[in-house]
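Computed from heavy atoms alone, side chains included, the values below leave out hydrogens, waters and symmetry copies.
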Amino acid sequence: MARDPDKAFFGHPRGLSTLFFTEMWERLSYYGARTFLAFFMTAPIALGGRGMSDSATGTVMALYLSSVYLLSLPGGWIADRFLGQRKAVIVGGIGITLGNTMLALPIDAAFYPGLVVIALGTGFLKPNISTIVGQLYKPDDPRRDAGFTIYYMGINIGAGAAPLIGMLVAQSQGFRKFMASHDLDPNLCWKAAFAVPAIGMAFGLVQFILGRNKLGEAGLHPTIPTEPAKASRDRKILTAIALGIVVLVGGGLAIHTFVHPISKGLLQNVFGVGLVIAAVGVFVGFFKGARDHEEKKRVTAMIPLFVGAIAFFTVFEQASTTMSLFAERLIHRDYFGFHVVASAYQFINAGFILLLAPVFAWLWLKLGKVGKEPSAVNKFAIGTVFTMLSILIMLPALATIGQVEGINPNYSFAFPFRTVSPNYIIIFYIISTCSELCISPVGLSSMSKLAPARLAGMVMGTWFLGTAIGNYLAGRAAQLSASEGYGFLFWLLIIASAVIAAALFVIAPMIRRMLAGGGGPTLPKATVVESPGVES
């Protein structure tokens, strides 16, 4: 007897298997490069790196990582109105593969264009594949959150394997010796490491195309307005966006080349202002475009989730910048004659996601049975408290550094120095994982439920806009630690997290009452969905 296709993948629609493996490969690709990108930029030119300062590296990471998620907004909207989510995923996969291939080329001029192409590709793929997962289920299907949980595990398998690229290829002395023994330049290890994500995404893209028939109608058709005037308006908006990008990029290049060089700092500041304008504009647009009072309630409920996401990702994304460089320079990494590369510590997050996700799922279920499960906003508040605690644990490490060397522990780059125990950064990642399980999966599931069907991709893109702002602030934080020291940065993050957590606790009952009043939608109590990258 043939299996029911609606229950063919661990009791879920068989299309979930296609999305599971596609996103697994995409996260392996994205996080594979991200784990060693900061090391590559700061490594000396003599060792194959770019020889950039920490401040310049922070600028590039802020612009690149935030762009990856910021482009989810137009990527989601274009899929909603023109391509459909399925075609958008294919376009995105091609872009990610091509961008990583450019980074793998031994051509210095291909570095920044490669980052741009990856960002564009991820902007098409990331919001839309998450949207397709939701479309596999009817709105009232009780398997929905469990399906997102399975999808989430695929993400973390890919993200968990990603640090292997840094460990075994980019930063491995063994791989360098292997290349030298075959008459190859050992400094090309970085290029070989960028090639691995390109190959991984190519596998994911092929798998998606071969398995697309399992998806049924999910993600197949865009939501084209039936009124000719609205359809025409959308086409004009798309044309305006394309022309605006051409004018902005072309004009910027012309000014940079013929008038006056545009500094990275100015570009970064303009980009930050643009993020703020985009966030305000999106929510104003949602309010103005709401068809009734209930939709306005849903938009209001999205705001604290959006703010909480920014707070979380600002700290979480330190993993690729501040915490990576901290591990590289200040953490003891030699054990019984074995040297651990700094990127290896990024294993901890994905590993504890796999260990703790079932625990948190059980906890929410247990509390739900007795009517005490926290609302989504309260979970965000709890997660923000974990965020604050994860930074607090790092403060004794700074004191230890100061006591050992007699230097000012607030400054991160005092040499020579003696390293400190890795337990500090290990505990940081474990507590940060608890924060992630309270925020990232809950936020994605909640946003997918709050979104009107016609704006599913756009609302998912809005979640990733919050991720973009958090990534931007994380990159700026790396600059702050370089100029003001780790102590200043850590205390700033601790205070900001405490204030945001308190605000979320205060506003949570108001949001719940507002949504419950008048028969309106209730804010969903999600268990686990997806983490930012372990994507975020």
Determine, stepwise, if the pair Q346 / S324 fulfils side chain to side chain donor-acceptor pair (under 3.5 Å). CA-CA 8 Å; Q346 295 185 47; S324 285; 3.1 Å; yes
Given the options L120, L103, L63, L65, L115 meets side-chain contact (heavy atoms from CB on, under 4.5 Å) only with L103
Can you name the closest pair of heavy atoms from [X] and [Y] and give their distance?
{"X": "E328", "Y": "A342", "result": "OE1-CB, 3.2 Å"}
{"X": "Y424", "Y": "P396", "result": "CE2-CB, 3.7 Å"}
{"X": "A474", "Y": "T314", "result": "CB-O, 3.5 Å"}
{"X": "I500", "Y": "A311", "result": "CD1-CB, 3.6 Å"}
{"X": "I425", "Y": "A327", "result": "CD1-CB, 3.9 Å"}
{"X": "A56", "Y": "S53", "result": "N-OG, 3.1 Å"}

For the [atom1] atom of [X] and the [atom2] atom of [Y], what is their distance to the nearest 0.5 Å?
{"X": "T97", "Y": "I199", "atom1": "OG1", "atom2": "CD1", "value": "10.0 Å"}
{"X": "L493", "Y": "S390", "atom1": "CG", "atom2": "OG", "value": "8.5 Å"}
{"X": "Y30", "Y": "E23", "atom1": "OH", "atom2": "CD", "value": "11.5 Å"}
{"X": "R176", "Y": "Q171", "atom1": "CZ", "atom2": "CD", "value": "10.0 Å"}
{"X": "I348", "Y": "I353", "atom1": "CD1", "atom2": "CD1", "value": "13.0 Å"}
{"X": "R34", "Y": "T321", "atom1": "CZ", "atom2": "OG1", "value": "8.5 Å"}

| task | Test side chain to side chain donor-acceptor pair (under 3.5 Å) on N471 and R476 and set out the steps. | result | CA-CA 9 Å; N471 274 273; R476 297 300 299 258; over 6 Å; no
Next item on the list: Applying side chain to side chain contact (heavy atoms under 4.5 Å, CB included), run through L37 and M61 and close with a yes or a no.
Entry: CA-CA 9 Å; L37 187 56; M61 295 294 282; 3.7 Å; yes
Not counting sequence neighbours, which residues clear side-chain hydrogen bond (donor to acceptor under 3.5 Å, both in side chains) with [X]? List them please.
{"X": "T35", "answer": "none"}
{"X": "D183", "answer": "none"}
{"X": "T22", "answer": "Q207"}

inquiry  = Working note: T462 + M302, criterion side chain to side chain contact (heavy atoms under 4.5 Å, CB included); need CA distance, chi angles, decisive distance, verdict.
reply    = CA-CA 9 Å; T462 301; M302 293 177 193; 5.7 Å; no
Report yes if some heavy atom in the side chain of [X] is under 4.5 Å from a heavy atom in the side chain of [Y]; otherwise report no.
{"X": "S130", "Y": "Y151", "answer": "yes"}
{"X": "E436", "Y": "N349", "answer": "yes"}
{"X": "M201", "Y": "R27", "answer": "no"}
{"X": "V385", "Y": "I382", "answer": "no"}
{"X": "M52", "Y": "V60", "answer": "yes"}
{"X": "F20", "Y": "V133", "answer": "no"}
{"X": "I90", "Y": "F208", "answer": "yes"}
{"X": "L392", "Y": "L389", "answer": "yes"}

Where the side chain of [X] meets the backbone of [Y], is there a donor-acceptor pair that is under 3.5 Å apart?
{"X": "W77", "Y": "L238", "value": "no"}
{"X": "D54", "Y": "T42", "value": "no"}
{"X": "K191", "Y": "P106", "value": "no"}

Do the ring planes of F313 and F316 sit parallel (below 30°), tilted (30 to 60°) or perpendicular (above 60°)? perpendicular
Does the ring centre of [Y] sit less than 6.0 Å away from the ring centre of [X]?
{"X": "F111", "Y": "F40", "answer": "yes"}
{"X": "F326", "Y": "Y486", "answer": "yes"}
{"X": "F194", "Y": "F36", "answer": "yes"}

Exercise. I would like to know whether S435 and T387 meet side chain to side chain donor-acceptor pair (under 3.5 Å); could you show each step before the answer?
Key: CA-CA 6 Å; S435 173; T387 296; 2.7 Å; yes
Only one of F283, F380, F312 passes ring pair (Phe, Tyr, Trp, His ring centres under 6.0 Å) with F306, and that residue is F283
Under the side chain to side chain donor-acceptor pair (under 3.5 Å) rule, what do S29 and N100 come out as? Steps first, then yes or no, please. CA-CA 8 Å; S29 170; N100 278 295; 3.3 Å; yes
With side chain to side chain contact (heavy atoms under 4.5 Å, CB included) as the test, would you mind laying out the steps for L492 and L480 before giving the verdict? CA-CA 10 Å; L492 180 63; L480 197 61; 3.7 Å; yes
- prompt: Checking side chain to side chain contact (heavy atoms under 4.5 Å, CB included) for the pair S67/F271: CA distance, chi angles, key distance, verdict?
  reply: CA-CA 9 Å; S67 295; F271 193 85; 3.3 Å; yes
Check: Is atom CZ of F347 surrounded by more than 12 heavy atoms (other residues, nucleotides or ligands) closer than 6.0 Å?
Finding: yes
Item to complete: Kindly indicate whether a cation-pi arrangement holds for R50 with F39, taking the cut-offs as under 6.0 Å to the six-membered ring centre and within 45° of the axis.
Response: no
